[in-house]
Structure formats: C-alpha cells, structure tokens
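In what follows, a single structure is set out as structure tokens and then discussed.
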Amino acid sequence: MKAIRRWTMGRTRSIGRRPGWTAGPAHGHARAGVAAFVAASAALSVATVSLARADDALPQLFFGDLHLHTSNSLDANLFNNFTLGPDVAYRFAKGEAVQLPDRRRAKLDRPLDFLMVSDHAEYLGVFSMIRRKDPRVAGSETATKVSRFIAENPVFGPEQIGKLTSLLVGDPLGADPALRRAVWDEVVDVAEQMYEPGRFTTFVGYEWGSMPNGNNLHRNVIFRDGADRAKKILPFSAIDSGEPEALWKFLARYERETGGQAFAIPHNSNLSNGLMFATVDSAGKPIDATYARARARYEPVVEVTQIKGDSETHPFLSPDDEFADYERWDKTNIAGTARTLPEMHVGSYARAALKTGLLLERLIGVNPYRFAMIGSTDSHTSLATADEKNYWGKTANMHLGTDRSKGEFIHSSDPAGQATMNWEQAAAGYVGVWAGANTREAIFDALRRGETYSTTGPRIAVLFFGGWRFGDVDAGSSNVARAGYVKGVPMGSDLPAPIADQKTPTFLLSVAKDPVGANLERIQIVKGWVDAAGRAQEKVFDVERAPDVKGLREISAVWTDPDFDGAQPAFYYARVLEVATPRWNAIDATRFRRKLEPGTRVTQQERAYTSPIWYRPPAAAAGAARAAEPGSGKPAQASSAGQNAD
C-alpha cells in the first residue's frame, strides 16, 4: 500500500519494485493492473508508443492543467483577480498554501504534476500594470480610459465584454512591441524559475482569443521549449489576426526559425455556434487537404471539458446516448450575442467532429479532426482546482463562501435567448498524460502523440489499448500496461494492420478510481464510423458495469467490436463514469446553509474520456498517406450535416 499512497499524492514516481497489492476481485478477476503498473513504472523517457523489448520502460501517469488565467489576463483582472500572478498559480499547483487578497488561504488537496499558465495574449499584463500604476503605462491614453472603465464597472460581468472590446478598438498599447516584449519575457522567466524537471513541470504558453461575432474560437498555445527559444518570439494574438490559419502559420514560422515545437489547443467548442469544427475555412471555402494538414499538425489536442461546460457530445447529436446530457452549455455563443440553434451543434462538439473528420478524409485524403482529448479548468482565479469540495470558482468575484450560485454568467442580448447562470459552472477539469518523465519534453511529446485523456476533475487512472489479439488473460494480468504496449497500441494511435487470421479488433481497458474520489459505475467504448452508404454513424457500448450502486474501485476488461467491418473507417474511445455524487453548488448549500436556486442540478456523474484509437481500411490508409504529401489541395464538398446517429 505504500506505493499506492505515493501515487495518490499526485506523484507517479518509480518505486523500483512491483507490489503484490490488489483491490480485491471484481467479476472473478484480480483488478490490480493499473495500480501495479503505476507503482512499477520507471522514470525513463519512452521514445515510441510501442515496446521494442519486454523489459522496456513504461510511461507514468501525470495529472495537470493546461488552461489557467492569472491577474495578467485582462478579463481575470477585471473579474477582481488583481494581484495573483503566475508565480502564485505555480506555487498553488505545486501544493503550497497561498494567501488571497482577503487574507484567506487556499490550498490544493493534492498537488498537480504540471501546469501551463495561459493568460490572454491580447493586452497581456497591461491591465495589471494599469492598476498598480506601472510607469511603463502610467499617464497613457489607454491607462486613462481603462481606469475610467474600471471605475464605472467595479463589479465586472461577462456582459461588459462587448463594452470593453469597443473601448479597445484601435488602441495602440496592446500592440506596443516594447511593452509586449517586457511582459512576455517576465512570463517566460517565471515559468523557468518554477520548473523542476522530474518533480513539477511548467509550460510556457498563452491563449489566443479570437471571437468572431461573439462565437468562441479560442486556442491555447503550448510550447515544448524554454526561454532560449520562447523569448525569440512575441505571442501571436487575435489583434494580429482572428483566423486560425494565421495562427498555424505563426506556429510554423516559430518552429522553422527557432527549431522549437508548439501547437494550439482549441477549447469551448460548445460556445462556438458551429464554427469550431466547420467544414469550411475562415474564408467560407470548403476545407482542402492543405488546410487539413495544417490543422492536424498544429491542433493535435482539443480541450473537451472545463468550467464552461462539456463539449464531448450533445443529446441532439447523440439521442441514443443516455449520458450525453452532461454539464451542457447550449443557450448562446460565448458572448451571448446570438442564440445557439440545434443545427449548429454538429460543428460544436468533439464526437461529431471526429465523425466529420472521417467523412473529410474520404473526400480529401486528410483528416483535419484527428485529435486527442483533454480537460482543463480555464479558471481565472490563478487557482487550478477542479474538485467539487474545493472549487474556488471561475472568477475571483465568485470565490468559496460567496453566494455564487446566483446570477447570470452569460447574459443573452437576444430577447428570445436564455442566460447561462452562475450555478451552471462545472468544477472541471484536468489532463491525464502517460509520459516517460515529468519534463516538458516528455509530457509535450505524449500530448502530441495522443497518449492523454480528459477528466472532469477526479484523478481516475485510465489505460486504453487497441490491437487484434487481446484476450481475457490480459485484462486479468498483474501488469495490464505491459500487455497493452506489447500486443497493441495506446490511445491516440492508429490500429496496426491485422495479424495473420485476426480480422476483428480488440480493445484492452483498465481503470482505477481516484483514490480519494467516488467509485466507478461503468466503462464504455464510443465508436464512430462511416457506413457503406457514406454516412457517419455512432454507437456507445457498455463494456463493463458495477453490479450495484456502490460501484467498483477498479475495472479491467477486453472488448471486441461486434459490428466491425474492415471496409469502414472508424474511431474508438473509452468513456469512464463514476457513481453519482453531489455538485459543488449542492455542497455549498449544505456547507453554508443556503437554499438551492430553483431548477439547479445538484448531482452529476464525473467522468473521463480517452483520446481515440483510429482504424483505417488498407485502401484508405494508402490514400491518406498520398494526400499527406504537400501539393494535394483538393477541396471537400460534403457537409458534416450529413451525419446521423442511427
């Protein structure tokens, strides 16, 4: 148990021996695979996703947050986060108790393994400088009008975003290269100072905030590199361009000129009103192979769950999925300027985008939506917490102890629209990564290859492998992970070619509950495919369920696709559900003896989504390889609206 206790503290260090620990039998099998794997993992880098030898080192499980805002973000600053900068955010994520402006102290129950502070590139650090009368901005026209705006809007709300945007149109300070350089260098320096390779990883990054007509197209940019390369550029912001294609060109230029690596992570597709996963580019032209190659290269990861709702799927898109209606934000776009209509959902949710990707690959030979899935918080408090019992709110004016369930979060400016309420915020989420070491390079590489998954907050350990020869003996193994890597491929991969007479893929799953969280209710596999008629389909399969409402501590299983057709492209990902538990607002009501707002949700089933494993028919794989070469710019003419969920 000593080895397991070390893991529950948020550190997956090598123990140097394999313990004989088991959680007890479940359905006749010893379910110790994940726990034994975590304890036995060696802290060595893994260069590939498959094991060349049976004694090769296995990756370890790390948890973190790749989307956190501090006082350097203009909106976080206006939301009353005046003083908690990146240094506080990193110390909090490391497990230190930090003092808040009101003299209270906040602390994570368990430290994280990595963190990226992703402050908005637009006016990065400027509002914080204006508040403290920094001589670099004091006396400027910008400082004068921003100070007046702050005085007139002391309790800033999302509905004031439009006023702020109008105020800053044409303002020169946000584009001042000298000021941007000074702030960016400070951001990079703090990340460098807080980086402890092998113990705690900091990523240099920021958020690009495009929001055309109030529709969310935001991306977080993550760098693999440190100060030597990151300081050679200035963040590319939405002031420079609001088109994703321009951001990808910036990332390509960064890699070409510095020798570094970076990519972008879209988030809150649920608030994009269909723009995030469209079948056309920013100019309205059908996606071609050139666009698809760039998107697949520079957006290999999508954030599918966070405080502003869940973006896995929607009941309109997945009517046969009884768990599709989870933390749903579907009333308006992110600015509240336009209602969200049902026909927009297909371009707003990850599962539908994965299906669209299969359709587009058939047409142009490249899948622009071949992405891994993660969660993160998007907290604007500098506090990376996703725990229901220790949730500090989206913004600093909604912190623990306030009556924060009341009021509107997104006000609808459409008279027929509905507001999104404060109580609808989710205490979510985190990133789980299987990497060779707790370093920038190892975690970044694992993210890029897709060996990562999302959780809505709990630190559930999830292994998911695909292959052609997994059997029940692998699910009952004392080291499920080694069987998975030796016999198959992990999440984020393409299935290898079939072996000998093996004609149907098999999938190996092993899941361990968060040691201090709720038990597991079930594990599922979500399959999407293109049928013989060229239509995108989906189906959710229950792989294993707990025998009663108490749930299970661990579940391991092998699943074989009963409907497999070798001629049809497909993807598979695992979804893990906990037993039902109280939401943060219900916990608040009990803790502070307050009445719940009418119509509020008070329970939920926390969950995890793995990155997919893809199957390509041999002919399609050959065609995709040809299309991946530069020079194939064939446009896609089909619309993802042709999908259905039959």
Side-chain angles (χ1 to χ4, degrees), residues 43-49 59-68 86 89-90 93 112-119 121 184-185 187-208 219-236 244 247-267 293-303 370-374 376 430-453 490-493 611:
L44 299 174
S45 177
V46 177
T48 63
V49 297
Q60 304 171 78
L61 177 58
F62 301 106
F63 284 103
D65 184 359
L66 295 176
H67 190 177
L68 182 72
Y90 290 127
L112 294 174
D113 297 303
F114 60 91
L115 178 71
M116 181 171 79
V117 170
S118 57
D119 283 315
W184 177 243
D185 285 357
V187 168
V188 175
D189 286 343
V190 173
E192 292 289 86
Q193 293 162 11
M194 294 292 179
Y195 182 29
E196 300 180 56
R199 180 179 181 274
F200 181 80
T201 292
T202 63
F203 283 101
V204 176
Y206 69 90
E207 180 166 351
W208 174 82
R219 271 89 165 160
N220 292 325
V221 174
I222 180 172
F223 295 89
R224 189 177 187 266
D225 316 299
D228 57 334
R229 291 189 171 102
K231 283 189 176 183
K232 292 181 179 179
I233 55 94
L234 290 174
F236 186 86
L247 176 63
W248 306 335
K249 289 180 180 178
F250 162 77
L251 295 173
R253 186 168 67 252
Y254 168 80
E255 294 188 332
R256 184 174 61 252
E257 295 178 356
T258 71
Q261 294 185 44
F263 60 77
I265 306 172
H267 67 86
R293 281 194 298 271
R295 182 152 190 163
R297 171 69 179 81
Y298 290 110
E299 295 189 0
V301 175
V302 170
E303 180 187 304
R370 189 191 184 284
F371 53 75
M373 297 195 286
I374 66 169
S376 281
Y430 283 142
V431 190
V433 176
W434 293 104
N438 190 355
T439 64
R440 285 177 181 158
E441 297 80 8
I443 294 175
F444 183 98
D445 293 348
L447 289 164
R448 181 178 283 289
R449 69 176 178 257
E451 215 164 338
T452 184
Y453 62 95
M491 60 184 88
S493 306
S611 296

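Being a predicted model, the structure only gives us computed values, none of them experimental. Only this structure's heavy atoms are used, side chains among them; waters, hydrogens and symmetry mates stay out.
Ring-plane geometry between F236 and F250 is classed as parallel, the angle between the planes falling under 30 degrees on a 0 to 90 degree scale with a further cut at 60.
Listed for the W184 side chain is a donor-acceptor partner under 3.5 Å among the backbone atoms of A230. The backbone N or O of R440 sits less than 3.5 Å from a side-chain atom of Y195, completing a donor-acceptor pair. Side-chain atoms of S118 come within 3.5 Å of backbone atoms of L68 as a donor-acceptor pair (strictly under, hydrogens ignored). Here the side chain of S611 pairs a donor or acceptor atom with the backbone of M373 at under 3.5 angstrom. Between the side chain of D113 and the main chain of F200, no donor-acceptor pair closer than 3.5 Å is present.
Of the listed residues (T202, V188, D119), just one forms a side chain to side chain contact (heavy atoms under 4.5 Å, CB included) with P86, and that residue is D119. For the pairing with L66, the side chain to side chain contact (heavy atoms under 4.5 Å, CB included) check across L115, I222, V117, V433 returns one residue only, I222.
Listed here is the closest heavy atom pair of G450 and A372: CA-CB, 3.6 Å. When all heavy atoms of E303 and I265 are compared, the closest pair comes out as N-CG2, 3.8 Å. Of all heavy-atom pairs spanning S376 and V431, the tightest one is OG-CG2, 3.5 Å. Nearest heavy-atom pair, P300 versus A264, reported as atom, atom and distance to 0.1 Å: CD-O, 4.3 Å. Heavy atoms only, all atoms of each residue included: F223 and A262 are closest at CD2-CB, 3.7 Å. Contact between E192 and A227 at its shortest, heavy atoms only, is OE2-N, 3.3 Å.
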* With side-chain contact (heavy atoms from CB on, under 4.5 Å) as the test, would you mind laying out the steps for F114 and L112 before giving the verdict? => CA-CA 6 Å; F114 60 91; L112 294 174; over 6 Å; no
* Working for side-chain contact (heavy atoms from CB on, under 4.5 Å), residues V301 and F371 -> CA-CA 5 Å; V301 175; F371 53 75; 5.9 Å; no
* To do: Apply the test salt bridge (Lys or Arg N to Asp or Glu O under 4.0 Å) to residues K232 and E255: give CA-CA distance (whole Å), side-chain angles for both, the deciding distance (0.1 Å), then the verdict.
  => CA-CA 11 Å; K232 292 181 179 179; E255 294 188 332; over 6 Å; no
* Under the side-chain contact (heavy atoms from CB on, under 4.5 Å) criterion, do F444 and Q261 qualify, and how do the steps go? -> CA-CA 9 Å; F444 183 98; Q261 294 185 44; 3.6 Å; yes
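Y254 and D225 form a side-chain donor-acceptor contact under 3.5 Å, judged by distance and modelled atom types alone. Inspection of the S493 and R449 side chains reveals no N or O donor paired with an N or O acceptor under 3.5 Å.
Heavy atoms of other residues, nucleotides or ligands lying less than 6.0 angstrom from NZ of K231 number more than 12.
Note: W208 CH2 to L251 CG = 10.0 Å, rounded to the nearest 0.5 Å. Residue H67 holds its NE2 atom at 12.5 Å from CZ of R219, rounded to the nearest 0.5 Å. In this structure, T452 OG1 and L61 CG are separated by 9.5 Å, a value rounded to the nearest 0.5 Å.
Cation-pi geometry between R297 and F263 is not satisfied (NZ or CZ under 6.0 Å from the ring centre, within 45° of the ring normal).
Looking at R224 and D445, their side chains come closer than 4.5 Å, going by heavy atoms from C-beta outward. The shortest distance between side-chain heavy atoms of D65 and M116 does not fall below 4.5 Å.
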